[in-house]
Amino acid sequence: MKKTLFLAALVAFGMTSCKDNAADKVSADNVAAAAERDTQADKFPVMSFSETIYDFGTINQGEAQEHVFSFTNTGEADLVIVDAKSSCGCTVPQYPKTPIAPGESGEMLVKFNGSGKNQVSKTVTITANTQKGKEMISIKAFVTPKDGAVEGSPIKVQ
């Protein structure tokens with residue numbers, strides 16, 4: 001019992017004697033920086049596209065296509081695009097690597113190699129510092145096979 005009481009007193013003494021006054025360690029500069037950071041935390045960039053879907057129409061299989069998607073940062077913070085990935089290797093997006101300030105515009109080039117047949121649709125997922133974190137655009141086309149046959153039809157297109 002005496003050992004337990006002594007150990008409890010020793011632990012209590014150790015915990016109270018090591019405490020520094022935390023308020024003494026707070027600097028006014030750090031408080032101001034934290035306040036500024038907290039006010040900026042509610043501000044996000046917004047990626048506003050002029051169009052989110054582009055239709056190439058009817059194309060021949062193997063004919064490369066490309067389209068530029070234009071967008072504007074309509075938010076209140078710099079837009080930073082971290083990555084852009086396609087739903088398949090036949091579609092390659094190219095995006096700006098530098099931040100886009102509020103009110104500024106940018107372009108994303110999407111290249112499609114014309115593979116597949118019949119109706120094809122591909123999506124590009126953009127990872128950015130927007131509130132959602134992910135944005136999507138897509139392309140579509142009707143791809144005429146090289147032999148001219150439309151799948152499901154015995155008639156060849158001339």
Side-chain angles (χ1 to χ4, degrees), residues 19-158:
K19 281 191 174 178
D20 290 333
N21 187 358
D24 293 340
K25 293 184 176 184
V26 175
S27 97
D29 292 339
N30 288 344
V31 171
E36 175 67 22
R37 180 195 65 228
D38 291 346
T39 59
Q40 296 297 323
D42 292 344
K43 297 181 180 177
F44 289 96
V46 176
M47 214 171 176
S48 298
F49 285 92
S50 56
E51 62 185 341
T52 56
I53 300 172
Y54 183 76
D55 188 349
F56 288 111
T58 301
I59 63 171
N60 293 322
Q61 188 176 37
E63 286 183 1
Q65 306 289 316
E66 57 184 51
H67 179 70
V68 174
F69 287 89
S70 298
F71 61 90
T72 302
N73 178 2
T74 58
E76 300 181 65
D78 284 356
L79 172 66
V80 179
I81 300 172
V82 178
D83 196 15
K85 290 189 178 179
S86 169
S87 56
C88 115
C90 63
T91 305
V92 180
Q94 294 177 344
Y95 58 92
K97 308 291 192 246
T98 57
I100 297 163
E104 297 293 317
S105 296
E107 295 180 338
M108 180 163 300
L109 176 65
V110 177
K111 296 180 179 182
F112 172 57
N113 69 5
S115 65
K117 339 182 217 187
N118 300 326
Q119 190 65 44
V120 295
S121 181
K122 307 298 176 185
T123 58
V124 174
T125 303
I126 303 156
T127 305
N129 64 331
T130 59
Q131 191 166 14
K132 292 189 291 186
K134 302 254 187 222
E135 306 295 328
M136 293 185 72
I137 54 177
S138 61
I139 58 168
K140 61 183 182 175
F142 187 87
V143 181
T144 304
K146 282 188 180 183
D147 65 3
V150 176
E151 200 168 281
S153 169
I155 302 170
K156 284 195 173 204
V157 178
Q158 297 290 327

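Excluded from the calculations below are hydrogen atoms, water molecules and symmetry mates; all remaining heavy atoms, backbone and side chain alike, are included.
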*Could you go through the side-chain contact (heavy atoms from CB on, under 4.5 Å) check for Ile137 and Phe49 one step at a time?*
CA-CA 9 Å; Ile137 54 177; Phe49 285 92; 3.7 Å; yes

*I would like to know whether Thr127 and Tyr95 meet side-chain contact (heavy atoms from CB on, under 4.5 Å); could you show each step before the answer?*
CA-CA 11 Å; Thr127 305; Tyr95 58 92; over 6 Å; no

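At a cut-off of 3.5 Å, with distance as the only test, no side-chain donor of Ser86 or Lys122 sits close to an acceptor on the other residue. Using modelled atom types, one finds a donor on one side chain and an acceptor on the other under 3.5 Å when comparing Thr74 with Ser48.
By the salt bridge (Lys or Arg N to Asp or Glu O under 4.0 Å) test, Lys132 pairs with Glu135, sequence neighbours left out. Applying the ring-ring contact (aromatic ring centres under 6.0 Å, His included) criterion to Phe112, with sequence neighbours excluded, gives no partner residue. Take Phe56 and apply the ring-ring contact (aromatic ring centres under 6.0 Å, His included) test, not counting sequence neighbours, and it matches Tyr54. For Asp55, there are no side-chain hydrogen bond (donor to acceptor under 3.5 Å, both in side chains) partners at least two apart in sequence or on another chain. Partners of Asp83 under the salt bridge (Lys or Arg N to Asp or Glu O under 4.0 Å) rule, at least two apart in sequence or in another chain, are Lys85.
Checking Val120, Asn113, Val110 one by one against Thr91, the side chain to side chain contact (heavy atoms under 4.5 Å, CB included) holds for a single residue, Val110.
For the pair Met108 and Gln94, the minimum side-chain heavy-atom distance is 4.5 Å or more. Within the 4.5 Å cutoff, the side chain of Pro45 has no heavy atoms near those of the Asp78 side chain. Two residues are said to be in side-chain contact when any heavy atoms from C-beta on lie closer than 4.5 Å; Thr144 and Gln61 fail this criterion. Side chains of Ile126 and Met136 form no contact here, defined as non-hydrogen atoms less than 4.5 Å apart. In this structure the side chain of Phe69 reaches within 4.5 angstrom of the side chain of Glu51, judged on heavy atoms. Side-chain contact between Phe44 and Thr130: absent, with no pair of heavy atoms (C-beta onward) separated by less than 4.5 Å.
Rounding to the nearest 0.5 Å gives a distance of 9.5 Å between CE of Met47 and CG of Asn129. Separation of atoms CG (Asn60) and NZ (Lys146) is listed at 9.5 Å; rounding is to 0.5 Å. Note that OG of Ser70 and CG of Leu109 are 10.5 Å apart. Values are rounded to the nearest 0.5 Å.
Of all heavy-atom pairs spanning Ala128 and Leu79, the tightest one is CB-CD1, 4.0 Å. Between Ser138 and Thr123, the closest heavy-atom pair is CB-CG2, 3.9 Å. Counting all heavy atoms, side chain and backbone alike, Thr72 lies closest to Gly103 at CG2-O, 4.0 Å.
Heavy-atom neighbours of Ile53 CD1 from other residues, nucleotides or ligands within 6.0 Å: at or below the threshold of 12.
Listed by first then second residue, pairs satisfying salt bridge (Lys or Arg N to Asp or Glu O under 4.0 Å) with a partner in residues 90-113 number zero, not counting sequence neighbours.
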